[in-house]
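Quick note on labels: first sequence line is chain A, next is B, and so on, each numbered from 1. Heavy atoms only: backbone and side chains are in, while hydrogens, waters and symmetry mates are out.
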Amino acid sequence: MSSAGATAPAEAERTASLLGDWYRRHARDLPWRRPEFLERYGAWGVLVSEFMLQQTPVSRVIPHLAAWLDRWPTPDALATATPAEVVHQWANLGYPRRALWLHRAAGVIAAEHGGTAPREVEALLALPGIGDYTARAVAVFAYGDRHPVVDTNTRRVLARVRHGRAQPGPPSRGDLEDMRRMLPDDREAAAVVNAAMMELGATVCGARSTDCGSCPLADECAWRGAGYPQGEDRRRRQARYEGSDRQARGAALRALRHAPEHRLPADAVLADWPDPAQRDRAIDSLIADGLVEADDAELRLPH
DNA sequence: TAGACGTGGTA
DNA sequence: TTACCAAGTCT
């Protein structure tokens, strides 16, 4: 479908072969890549892993993913949980709105998709918390379909190999087209190319260090060929965390996760926070996001 | 489109 | 110690 009848150029087939050989030899043994994981949890397992991997390092996801799928092995199972249980189980993975989105996505899958994660990219995009990356990752890694999958690792490898730049520019639709041109015709080979580009960016062609001696694309890398020009770094800076509203939100939610019955007197949450206006702002925004409920003079995780 | 949104490891 | 970075998404 996404191939639109196009035949991949010989160049793409050759690069795919290099990437495939390298990937089969050097890919990390990650849980969601194991056949028994796919057999046991299917597309749901892939979907949950991709939610957790959004901006959270692999090493931190692995134990949480196992615990999560042990507790809720299917969308139907998760759909019966309360938001409080979900936010508590999410623990310290960060960006807890993802837990709520995953819970809501499970509800939609249970109600509208017969309890099975959808296969079509459009249907996946319609689920809460699923965007361009996650939708294609599920379609490709769970169902084996032929689509370009573009994450931050892939964008960095494309910037270097194809455009001769040290860092990618702002995300754009062009990224998807760049990656589409890398895909061989064969679906399984195309999935491997997607995975291999991500893996290269994660282990060889990093943001802070590179190991070009280990890279299967070194001979065709435009950045290497040009002598590693630094160019202009247009990456957006991450806002300071210390003293931020985010830090206040994190502290408030952590207190509620650890509290008995996940509830506390309202004036006990962030009681010693140095900036009272910031404290109010943080709690109000948590309520607006559905991560916290105000109940009389108490704050609690939502039921 | 730029900024908000957690948390902890690494240099 | 500070700053960067991590399989993004939403508004």
- Message: Do the side chains of A:Arg240 and A:Glu242 get close enough for a salt bridge, i.e. N-O under 4.0 angstrom?
- Response: no
Any N/O pairs under 3.5 Å between the protein and nucleotides 8-11 of chain B? List them or say none.
{"from": "B:dG8", "atom 1": "OP1", "to": "A:Asn92", "atom 2": "ND2", "distance (Å)": "3.1"}

- For DNA chain C, whose closest nucleotide is more 5', that of A:Leu125 or that of A:Trp32? A:Trp32
- Item | Rounded P spacing from B:dG6 to C:dT11 in Å | 14 Å
- Message: Taking only the C1' atom of each, what is the distance from C:dG8 to B:dT1 in whole angstrom?
- Response: 15 Å
- CZ of A:Arg249 versus C1' of B:dA4: gap in Å, rounded? 9 Å
- Could you give the distance separating C:dT9 and B:dG8 at their P atoms, to the nearest angstrom? 23 Å
- Indicate if A:Leu299 and A:Val86 have the same hydrophobic cluster label, given that clusters are the connected sets of ILVMFWY residues with side-chain heavy-atom separations under 4.5 angstrom. no
- Item | Short N-O contact, A:Arg173 and A:Asp132, less than 4.0 angstrom | yes
- Message: Closer than 4.0 angstrom, basic N to acidic O: yes or no for A:Glu220 and A:Arg162?
- Response: yes
- Query: Once you round it to whole Å, what is the distance between C1' of B:dC5 and CD1 of A:Ile283?
  - Reply: 17 Å
- Euclidean distance, atom CH2 of residue A:Trp90 to atom C1' of B:dG6 [Å, nearest integer]: 11 Å
- Outermost nucleotides of DNA chain C that come under 4.0 Å of a non-hydrogen atom of chain A: C:dA3 to C:dC10
- Give a yes/no on whether any side-chain N or O of A:Tyr241 is located under 4.0 angstrom from OP1 or OP2 of B:dT7. yes
- Query: What residues form a side-chain contact (heavy atoms from CB on, under 4.5 Å) with A:Thr82, not counting sequence neighbours?
  - Reply: A:Ala84, A:Glu85
- Query: If you measure from the P atom in B:dA4 to the same atom in C:dC4, how many Å do you get, rounded?
  - Reply: 15 Å
- Message: Please report the distance, rounded to the nearest Å, between CZ in A:Arg97 and P in B:dG3.
- Response: 16 Å
- Under 4.0 Å between a Lys/Arg side-chain N and an Asp/Glu carboxylate O for A:Asp145 and A:Arg136? no
- Item | Atom pair distance, as rounded to whole Å: CG in A:Leu53 and C1' in B:dG6 | 15 Å
- Message: With a 4.5 Å cut-off on side-chain heavy-atom distances among I, L, V, M, F, W and Y, is there a chain of contacts connecting A:Leu47 to A:Val150?
- Response: no
- Would A:Trp90 and A:Trp68 count as a close aromatic pair, with their ring centres under 6.0 Å? yes
- So, A:Arg33 and A:Glu199, do they make that salt bridge, N to O below 4.0 Å? yes
